[in-house]
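Per chain, numbering begins at 1; letters A, B, ... match sequence-line order. The figures here come from the full heavy-atom set of this structure, side chains too, leaving out hydrogens, waters and symmetry mates. The model shown is predicted, which means the values in this text are computed figures rather than measured ones.
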2 protein chains.
Amino acid sequence: MLFKKDQPYTANNNMADPAEQDLSRARAPQGRRAVISQEDLISAALALVGPHRSVSTLSLREVAREAGIAPNSFYRHFRDVDELAVTLIEEAGSALRKIIGGARTRAISGKSVVRGSIESFMEQLTADQRFLHLLMREGTVGSEAFKQAVERQLVFFEEELCTDLVRLSKVNNRPLYQPALVAKAITRLIFAQGASIMDLPKDELPKAAEQMVVMVRMILLGAQSMSDQATTENESN
Amino acid sequence: MLFKKDQPYTANNNMADPAEQDLSRARAPQGRRAVISQEDLISAALALVGPHRSVSTLSLREVAREAGIAPNSFYRHFRDVDELAVTLIEEAGSALRKIIGGARTRAISGKSVVRGSIESFMEQLTADQRFLHLLMREGTVGSEAFKQAVERQLVFFEEELCTDLVRLSKVNNRPLYQPALVAKAITRLIFAQGASIMDLPKDELPKAAEQMVVMVRMILLGAQSMSDQATTENESN
DNA sequence: ATCGCAATTATACATATGTATAGACAATAG
DNA sequence: CTATTGTCTATACATATGTATAATTGCGAT
């Protein structure tokens with residue numbers, strides 16, 4: 001079909017619900033009220049990233065389509081898709097840290113902290129909210145700003161893990177060698193492993209989780225015995 | 001510029017070098033001789049992936065342009081870019097395994113096996129041949145076939161590492177708990193760490209390498225003491 | 001020479017993208 | 001009411017992509 005003009009947007013006239021007038025907004029300043037918010041665009045993007053779609057490949061038009069707005073309206077909310085992607089990563093990161101950090105501090109009855117945390121991680125792997133996928137899948141592609149955003153979130157994870165590790169090591173009187181390094185190793189390992197198993201069939205996940213538990217134990221045990229060595233070396237001086 | 005016809009390829013007439021006739025080829029069957037090979041396309045693709053370009057985002061036309069052929073000629077050599085990407089990964093993987101596996105078996109004078117291997121890894125990080133970048137950067141994006149190709153290479157790494165670990169543990173009489181798991185943990189950790197530091201300025205790499213060494217030692221030490229535990233438990237039965 | 005055949009190219013088409021421009025729409029302010 | 005002012009849409013354009021089709025090119029066989 002030659003000379004086809006660009007497909008217009010043709011808004012769905014499914015507005016009409018007057019209850020949508022959010023009067024709790026501080027003060028409507030002027031002009032037409034926004035029909036869509038940054039959050040709407042974010043969840044549209046979130047809906048598009050599946051097991052086979054990565055944030056860094058989303059196009060502006062695609063997100064706009066999913067959100068039900070005209071392509072150009074996108075610019076009212078973000079300067080470009082990259083900016084969207086970055087805030088997406090940040091939201092996903094903070095949501096996840098809340099969940100997994102919570103699992104780490106909450107003492108689950110009868111389970112070790114390690115196992116509890118990893119199970120919480122695995123739950124997120126199959127959760128409907130694909131936060132984890134976002135962070136795991138694309139640490140290494142996309143724009144510089146995007147990669148840095150992912151890296152930042154991972155560092156946050158590491159830092160929180162580190163303070164928890166230090167706390168626990170004091171409680172158990174089992175000192176850790178270089179806890180910051182331990183936290184980094186565990187975080188990177190778990191995320192890398194997670195990325196490689198996230199497309200596995202569900203029934204293979206428990207085995208993978210078990211492997212993760214062992215791996216983390218190895219790191220912790222190693223760091224403990226390195227601490228022992230360092231101590232005895234000091235004592236022998 | 002409306003109605004511009006698609007830019008033609010307009011071959012560079014810089015052939016003319018008759019020495020290019022590779023008479024060592026087994027037997028020219030019939031028809032025009034191929035002016036380009038799969039290898040040429042692969043190295044064209046390799047030239048395109050830099051620190052800010054990932055294989056999975058290469059387009060057919062782009063690779064063809066770089067290789068100096070018309071877009072359609074691409075199809076004579078690969079069914080699509082994905083197929084190119086997969087063989088690219090496979091070549092990079094086998095080249096790398098040769099390099100790093102070599103460093104692991106070759107006993108470097110006065111250096112531990114761990115440190116030697118990691119230094120060899122870091123060398124590849126800054127090598128002109130960007131093999132490592134390929135494998136590290138894109139384990140998690142791209143087509144299913146592509147991801148599986150990357151995963152396959154990582155598993156190869158793990159397996160080779162594993163046999164080396166077993167061998168060394170016997171030599172040193174220091175048994176390892178679940179060496180296959182140890183190999184997997186080390187491999188994934190190193191690649192994940194590598195991906196996150198590959199864009200760092202060169203002078204920060206030694207510190208990162210040092211951290212990697214410690215991380216790997218933690219895993220090894222942990223696996224050794226887990227083996228101790230398992231042994232004493234058995235003895236106490 | 002000329003015929004056939006494989007490698008390669010030229011042209012074209014449908015489709016997708018980002019974005020510029022201008023106008024329509026809806027709300028508030030006067 | 002009208003004016004103003006943000007939000008949103010329609011249209012358009014330049015550009016890029018994958019690929020279908022047909023033509024061209026260069027080589028060996030006849």
Side-chain angles (χ1 to χ4, degrees), chain A residues 1-16 18 20-23 25-38 40-41 48 53 56-85 143, chain B residues 1-16 18 20-23 25-38 40-41 44 48 56-85 143:
Chain A
M1 197 184 296
L2 202 43
F3 285 129
K4 184 181 55 182
K5 75 179 166 192
D6 290 9
Q7 184 97 340
Y9 157 58
T10 68
N12 293 357
N13 283 5
N14 54 357
M15 7 139 61
E20 293 215 44
Q21 301 185 18
D22 188 347
L23 299 181
R25 286 268 171 260
R27 175 69 49 209
Q30 208 169 11
R32 184 179 181 174
R33 276 176 324 191
V35 60
I36 213 171
S37 62
Q38 295 207 2
D40 293 322
L41 283 174
L48 286 173
R53 206 57 208 293
S56 39
T57 67
L58 290 182
S59 78
L60 185 152
R61 286 179 109 110
E62 213 171 354
V63 176
R65 221 178 295 134
E66 175 74 22
I69 60 171
N72 270 317
S73 302
F74 186 96
Y75 294 121
R76 291 280 146 191
H77 306 285
F78 296 100
R79 207 155 43 75
D80 48 32
V81 259
D82 215 67
E83 198 172 283
L84 204 213
S143 73
Chain B
M1 197 184 299
L2 201 44
F3 283 132
K4 184 181 56 181
K5 76 179 165 194
D6 290 8
Q7 184 96 342
Y9 157 58
T10 67
N12 292 358
N13 283 7
N14 55 357
M15 7 138 61
E20 293 214 43
Q21 302 185 18
D22 189 348
L23 299 181
R25 286 267 172 263
R27 175 70 49 207
Q30 208 169 13
R32 182 180 181 173
R33 277 177 324 190
V35 61
I36 213 172
S37 64
Q38 295 208 1
D40 293 322
L41 282 174
L48 286 173
S56 39
T57 66
L58 290 182
S59 78
L60 185 151
R61 286 179 109 110
E62 214 171 353
V63 176
R65 220 177 294 134
E66 175 73 21
I69 62 171
N72 269 317
S73 302
F74 186 96
Y75 293 121
R76 290 281 149 188
H77 305 285
F78 296 100
R79 209 156 41 76
D80 49 33
V81 260
D82 214 66
E83 197 172 284
L84 204 214
S143 74

Under-3.5 Å donor-acceptor pair between A/Asp6 side chain and C/dT15 base:
no
Where the side chain of A/Arg79 meets the backbone of A/Glu83, is there a donor-acceptor pair that is under 3.5 Å apart?
no
With the side chain of B/Arg76 defined as its heavy atoms from C-beta on, choose the nearest nucleotide among D/dT11, D/dC8, C/dA7.
C/dA7
Between D/dT17 (P) and B/Asp82 (CG): distance, integer Å:
17 Å
Would you classify B/Arg79 as touching base, sugar-phosphate or nothing, given that sugar-phosphate means primed atoms plus P, OP1 and OP2, and contacts are heavy atoms under 4.0 Å?
nothing
Under 4.0 angstrom between B/Arg33 side-chain N/O and C/dA7 OP1 or OP2:
no
Sorted by chain and number, sequence neighbours left out, side-chain contact (heavy atoms from CB on, under 4.5 Å) with B/Arg65 holds for B/Arg61, B/Glu62
Check whether any side-chain N or O of B/Tyr75 sits under 4.0 Å from OP1 or OP2 of D/dT19, and answer yes or no.
yes
Integer-rounded Å distance: C/dT2 C1' and B/Gln30 CD
13 Å
note: A/Ile69, atom CD1; D/dA10, atom C1'; distance rounded to Å ~ 14 Å
Using only side-chain N and O atoms of A/His77, determine if any of them is under 4.0 Å from OP1 or OP2 of D/dT7.
no
I would like to know whether A/Phe74 and A/Leu84 meet side-chain contact (heavy atoms from CB on, under 4.5 Å); could you show each step before the answer?
CA-CA 10 Å; A/Phe74 186 96; A/Leu84 204 213; 4.1 Å; yes
Please check the phosphate of D/dT15 (OP1 and OP2 only) for any side-chain N or O of B/Arg61 closer than 4.0 Å.
no
Gap separating the CG atom of B/Leu41 from the CD atom of B/Glu66, nearest 0.5 angstrom:
10.5 Å
CZ (A/Phe78) and CG (A/Leu60) are apart, to the nearest 0.5 Å, by 11.0 Å
Can you figure out which of C/dT21, C/dA10, D/dC8 approaches the side chain of A/Asn72 most closely?
C/dT21
Provide, to the nearest angstrom, the distance between the CD atom belonging to A/Gln38 and the P atom belonging to D/dC8.
11 Å
Which of C/dT19, C/dT8, D/dC8 is nearest the side chain of B/Val35? It is C/dT8
Worked verdict on B/Asp40 versus B/Val35 for side-chain contact (heavy atoms from CB on, under 4.5 Å)
CA-CA 10 Å; B/Asp40 293 322; B/Val35 61; over 6 Å; no
From CD of A/Gln7 over to C1' of D/dC13, roughly how many Å is that when rounded to an integer?
17 Å
Under 4.0 Å between a side-chain N/O of B/Tyr9 and OP1 or OP2 of C/dT9, yes or no?
yes
Within the pair B/Arg32 and D/dA23, is there a side-chain N or O less than 4.0 Å away from OP1 or OP2?
no
Using a heavy-atom cut-off of under 4.0 Å over every strand shown, decide if B/Ser73 touches base, sugar-phosphate, or nothing.
base
Separation of C/dG18 atom P from A/Phe78 atom CZ, nearest Å, is 15 Å
Name the residue closer to the 5' end of DNA chain D, choosing between B/Pro71 and A/Ala34 according to the nucleotide with the nearest heavy atom.
A/Ala34
Counting side-chain heavy atoms from C-beta on, which of C/dT19, C/dT8, C/dA10 comes nearest to B/Ile36?
C/dT8
Atom-pair distance (CG on B/Asp80; C1' on D/dT17), nearest Å:
14 Å
Once you round it to whole Å, what is the distance between C1' of C/dG18 and CG of A/Leu58?
15 Å
